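Input: a single structure, listed below in structure tokens.
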2 protein chains.
Amino acid sequence: MEMVSDERGVTAAAGTAKARIERAALTLFVERSIEGVSTKSIAAQAGVSEGLLYRHFKSKSDLSRTLMKAIHDQLTILVRAHSGQSLEAAVADIVRDYAALADNDWPLFAYHLLYMHRFPNLASDGPLRAAAELVAFNQSAGRLPAAVAPDLLASMALGVVLQAAHGKLLGANIEALSDHIDMFERAVMAVLEDA
Amino acid sequence: MEMVSDERGVTAAAGTAKARIERAALTLFVERSIEGVSTKSIAAQAGVSEGLLYRHFKSKSDLSRTLMKAIHDQLTILVRAHSGQSLEAAVADIVRDYAALADNDWPLFAYHLLYMHRFPNLASDGPLRAAAELVAFNQSAGRLPAAVAPDLLASMALGVVLQAAHGKLLGANIEALSDHIDMFERAVMAVLEDA
DNA sequence: GAGATATAAGTGATTGATCACTTATATTGC
DNA sequence: GCAATATAAGTGATCAATCACTTATATCTC
């Protein structure tokens, strides 16, 4: 059973009813907010009955949490994957992978961008925490000024990329984030070193 | 009739039923999302009847839009107010005022941070647009590199501060944004000049 | 491998609760 | 005594979730 994580599915096998439900929910949640979307409309968009939704998820809240955990864990792994390199290389890789993920599955990325704050339980181990650890390591190695709290500095650095993504949400003329990764990398490094 | 914009009211006179409704709505919207809050619960939190809500606002949607326009316009004016100075001075003033507004009325600021994307009609004239114009002016004057799209660069610069605010929402150890304005200013300038 | 039995996938009608909003009535300040 | 301000009691619609039931797919027994 092939596991995918692209336009066709989040964690379930592509094409299955469960994957169609997840994709429909994701799209509608981003368009109209989580609470603003009914289980009936999710089922209609997925082309399944409303009852089936409850065979695969115990509640609408379970569905929304499952989707968030999928992208949240994906982003966390993405940040941690580049910890064993020089800071410049790590930042370049993380920025590139962030942009690629956003471009390859914008609804999933936008879902995390918009609604992560509704899942505070997940925040204790997420991409922000992973980035803060990367900052702290480079501070203790003397490669970054140690005066700033690591999680705050990580927030500011990530904010450069995330707010550009937010601009795309609001209709700014940004097609693909990947078109700007060199600039993002320079800006992130500038924040880390000059703040 | 005194107009206020602090913990006790957004645009209405302090202490009036209308102001209490606005403040209750704001608090609940930030806690539970706009669609996740009922008119009944807003009225209960404000200590008024549900019907009274409809004497002051024609709908729940009107109420949420009124609140958003209030903070949106306030932020726009804040950015435009500092356009006639040197770039360094403008950035310092804007960062200071942003942080002060966030600290003085966190629910109102958080409301803008969280739900602005649900009001795309307002985006054409907002703080992001005002910041983009400031960037464009400094680019044409040769004080900033002209290679980057102004709205994208403005997004990235604002993102430094806004993502720090987001960190506070997720429970990071940030008490007051105003405690970090010098660092924010340095980071914003670094993004603008090095990106 | 055929028949029997179990399990998973799927349906759509229905539930009580809650939704945004309205109407009829009361109270207030001048 | 009259507006303006407020309230409580409603309205039909829609909500998330569950229900009894059907169909398809395994798994087991011999």
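These numbers were taken from a predicted model, which means no experiment stands behind them.
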Test side chain to side chain contact (heavy atoms under 4.5 Å, CB included) applied to Val161(B) - qualifying residues, sequence neighbours left out: Val95(B), Phe184(B), Val188(B)

Residues forming a side chain to side chain contact (heavy atoms under 4.5 Å, CB included) with Ala154(B), sequence neighbours excluded: Leu128(B), Ala131(B), Ala132(B), Val135(B)

Distance-only donor-acceptor hits, side chain of residues 76-84 of chain B, under 3.5 Å, sequence neighbours excluded:
from     : atom 1 : to        : atom 2 : distance (Å)
Thr76(B) : OG1    : His72(B)  : O      : 2.7
Arg80(B) : NH1    : Glu133(B) : OE1    : 2.7
Arg80(B) : NH2    : Asp125(B) : OD1    : 2.6
His82(B) : ND1    : Gln85(B)  : NE2    : 3.1
His82(B) : ND1    : Asp93(B)  : OD2    : 3.4
His82(B) : NE2    : Asp97(B)  : OD2    : 2.9
Ser83(B) : OG     : Arg80(B)  : O      : 3.3

Those residues of residues 49-63 of chain B lying under 4.0 Å from DNA chain D by at least one heavy atom: Ser49(B), Gly51(B), Leu52(B), Arg55(B), His56(B)

Sequence neighbours excluded - side chain to side chain donor-acceptor pair (under 3.5 Å) pairs with any residue from residues 154-163 of chain B: none

Helix axis bend for the helix from dG1(C)-dC30(D) to dC30(C)-dG1(D) - C1'-based end axes, five pairs, 10° rounding: 30°

Could I get the full list of side chain to side chain donor-acceptor pair (under 3.5 Å) partners for [X], not counting sequence neighbours?
| X | value |
| --- | --- |
| Asn138(B) | Arg143(B) |
| Ser59(A) | none |
| Arg65(A) | Ser61(A) |

Could you pull out all donor-acceptor pairs under 3.5 Å where a side-chain atom in residues 28-50 of chain B meets a protein atom, sequence neighbours excluded?
from     : atom 1 : to        : atom 2 : distance (Å)
Ser33(B) : OG     : Glu35(A)  : OE1    : 3.0
Ser33(B) : OG     : Gly36(B)  : N      : 3.1
Glu35(B) : OE1    : Ser33(A)  : OG     : 3.0
Glu35(B) : OE2    : Arg118(B) : NH2    : 2.1
Ser38(B) : OG     : Ser41(B)  : N      : 3.1
Ser38(B) : OG     : Ser41(B)  : OG     : 3.3
Thr39(B) : OG1    : Glu50(B)  : OE2    : 2.7
Ser41(B) : OG     : Ser38(B)  : N      : 3.3
Ser41(B) : OG     : Ser38(B)  : O      : 2.8
Ser49(B) : OG     : Leu52(B)  : N      : 3.4

Minimum heavy-atom distance between Pro145(B) and Gln139(B), given as atom pair plus value: O-NE2, 3.0 Å

Contact boundaries on DNA chain C for chain A, cut-off under 4.0 Å to non-hydrogen atoms: dG10(C) to dG12(C)

Euclidean distance, Leu53(A) CG relative to Glu22(A) CD, rounded to 0.5 Å: 10.0 Å

Heavy-atom side-chain contact between Tyr111(A) and Ser64(A) under 4.5 Å: yes

Any side-chain heavy-atom pair of Met156(B) and Leu192(B) under 4.5 Å: no

Nucleic acid contacts - residues 29-46 of chain B versus DNA chain C, non-hydrogen atoms under 4.0 Å: Val37(B), Ser38(B), Thr39(B)

